[in-house]
Structure formats: C-alpha cells, structure tokens
Amino acid sequence: MKKVIIANWKMNLGFRDSMKLATELAKQVPEIELGSKEVIICPSASSLLLVAEILKEHLFGLGVQDIFWEDQGAFTGGESPKFIYEAGCRYAIIGHSERRQYLAETDEMVHQKTKAALAAGVTPILCVGETFEERSRNLTDNVLMSQAIKALSGIDLLPNEQLVVAYEPVWVIGSGRSLDPSEAQHAFRIIYQALLDLFPLHVVNNNIRIIYGGSVDGVNASEFVGLEHFGGFLIGGASLRVEEFISIIKQTK
Ligand code: 13P
C-alpha cells in the first residue's frame with residue numbers, strides 16, 4: 001500500500017483561505033509525489049466543493065472531517081456518507097479526539113460512522129489516542145485497544161475496501177511538542193495487535209494502514225517514517241503551511 005499523508009484543515013480556514021491554500025498546493029506539490037503516495041485534503045464542509053474543483057485536475061484525494069451514520073433523512077446538520085461520496089470524497093476522518101471531546105462522540109457513534117462510511121465506499125480514517133490523564137494512569141494500551149475494538153468489532157473489510165487507523169495522542173495534538181518515536185512505535189504495535197484480533201492477517205497487512213498524527217512538522221516527520229507498521233501521517237497545523245506540508249510529503253517513504 002502507498003503511504004498516505006492526510007491534511008486535516010480542521011475549522012481553520014474560510015472559503016477564501018481554503019481556495020488560496022488549495023491553489024498553492026495544486027501549483028506546488030510535485031506530481032511525482034502525488035503519484036507515489038496518497039495525499040488527502042480534508043477541508044471544512046463549507047469549502048469542500050470549491051477545493052474539489054481546484055484539485056480536480058491533480059492527483060489529490062479528498063476527505064471530510066466527519067460524517068453521519070445514515071445516508072439520508074431527517075438528521076439536521078449531518079453529512080451523509082453517500083452524498084459526500086457523490087461530491088468526490090473517498091475518505092472521512094472519524095472519531096477525532098476533538099469531536100470526542102467537544103461533541104461527546106462515543107465509541108458506539110464512531111462504530112456506526114465507520115460502518116456507514118465503508119458501506120458508502122468511503123475509507124474511514126479512524127482516530128484513536130489517549131489523553132494525558134489516561135497516559136499518566138498507565139492506561140494508554142487499554143485505551144488504544146478498546147477504542148479500536150469498539151469501533152471495528154463486527155466489521156468486515158472486503159478485498160477492495162480500506163481502512164486507516166490514526167494514532168493521535170490527544171495531549172500531543174496542537175501542542176507543538178513532538179512525541180518520542182519509540183512511544184509511537186509502541187502504540188503502532190498495540191494497534192496492530194488489536195487489528196489482528198479483528199481481521200485476518202492478510203487484511204491487516206493489505207487493507208489497513210496505521211498512521212501517526214500529533215504536532216507532526218517538517219523537522220520531526222523523518223523520525224516516524226522508519227517505524228514498523230508506519231503507513232503515513234495525519235497532519236493538522238503543518239498542513240496549513242504549504243512548504244512545510246510539501247516537506248513532510250517528501251519525507252514520507
Ligand atoms: P496537529 O498536527 O496540529 O497537532 O493536529 C493533529 C491532528 O489532530 C490531525 O488530525
């Protein structure tokens with residue numbers, strides 16, 4: 001599987017700034033990088049179609065930052081997996097810690113969303129990660145296993161379906177401090193083991209990528225690239241800075 005680099009713009013850019021950033025990316029990210037890796041842009045919903053239009057001649061993928069678990073109906077404010085697929089999105093971030101924290105998303109909701117995404121042909125980017133408090137109480141491994149298992153139990157991946165699991169230690173996100181790569185390595189192994197409890201080995205190896213997110217920048221990215229099970233990055237702040245984002249893409253091998 002190709003490495004995947006996912007830009008999570010969060011709620012940082014209005015449509016003018018989104019347009020500007022997308023235009024710069026289209027101009028500056030070398031096609032050769034886009035051919036050998038997957039680069040996915042997740043703008044805010046209000047800018048999605050605009051960004052899709054700007055990137056359509058290029059090899060970027062498009063994702064949303066959240067979806068709802070039903071395809072259609074009276075669900076005010078929900079983003080339908082089916083409709084976002086029609087809008088050209090092939091990825092959806094699901095269970096980001098900011099949504100778990102501010103919108104009280106539960107593991108059950110994350111599970112429903114993951115299932116709905118796959119059913120609509122959208123690859124889930126499932127986020128798991130421990131808070132600082134959980135880490136201090138030595139609960140990291142339990143949290144990672146429990147979040148992965150609750151999200152994915154009962155889900156089968158067909159040969160043409162993919163899944164991305166993003167390890168995002170909540171306390172590192174947006175902090176500017178980087179995680180010791182040996183800690184990311186440990187988390188990758190725990191997640192890989194949890195996945196092996198859920199899926200056959202060939203599915204884990206061929207259809208699932210485990211990626212890292214949390215204050216990744218142009219300086220620390222290279223420290224994660226060689227880790228066992230490393231499948232790519234989920235990037236917040238640094239994805240808003242074109243040169244730094246390109247530098248991370250180039251370093252991702
Ligand atoms: P930062 O890269 O800004 O720490 O954000 C990480 C993240 O939450 C990506 O989803």
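Ligands are counted one by one from 1 in listed order, and the atoms in each one are counted from 1 as well.
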[Y] versus [X], side-chain donor and acceptor atoms under 3.5 Å:
X: Thr131; Y: Glu134; answer: yes
X: Gln65; Y: Trp9; answer: no
X: Ser247; Y: Glu243; answer: no
X: His202; Y: Asn207; answer: no

Exercise. Could you name each residue pair satisfying ring-ring contact (aromatic ring centres under 6.0 Å, His included) that touches residues 223-244, not counting sequence neighbours?
Key: Tyr192-His229, Tyr212-Phe224, Phe230-Phe233
Under 3.5 Å, N or O to N or O, is [X] touching ligand 1 that way?
X: Ser175; result: no
X: Asn8; result: yes
X: Gly236; result: yes
X: Gly213; result: no

Quiz item: Does ligand 1 have any atom that is closer than 4.0 Å to a heavy atom of Gly214?
Solution: yes
Exercise. Answer with yes or no whether Gly174 contacts ligand 1, where contact means a heavy atom under 4.0 Å from a ligand atom.
Key: yes
Practice problem: Check whether any side-chain heavy atom of Ile67 lies under 4.5 Å from a side-chain heavy atom of Phe83, and answer yes or no. | Solution: no
Closest protein heavy atom to [atom], given as residue, atom name and distance to 0.1 Å:
atom: atom 5 (O) of ligand 1; value: Lys10 NZ, 3.2 Å
atom: atom 9 (C) of ligand 1; value: Glu168 OE2, 2.9 Å
atom: atom 3 (O) of ligand 1; value: Gly237 N, 2.8 Å

Quiz item: With a cut-off of 4.0 Å, which atoms of ligand 1 are near a heavy atom of Ser215?
Solution: 1 (P), 2 (O), 4 (O)
Practice problem: Go through ligand 1 atom by atom and flag the ones less than 4.0 Å from a non-hydrogen atom of Leu234. | Solution: 9 (C), 10 (O)
Practice problem: With sequence neighbours excluded, tell me which residues meet side chain to side chain donor-acceptor pair (under 3.5 Å) with Glu86. | Solution: none
Quiz item: Taking non-hydrogen atoms only, is Ile173 closer than 4.0 angstrom to ligand 1 via side chain, backbone, both or neither?
Solution: both
Self-check item: Asn205 atom CG, over 12 foreign heavy atoms within 6.0 Å
Solution: yes
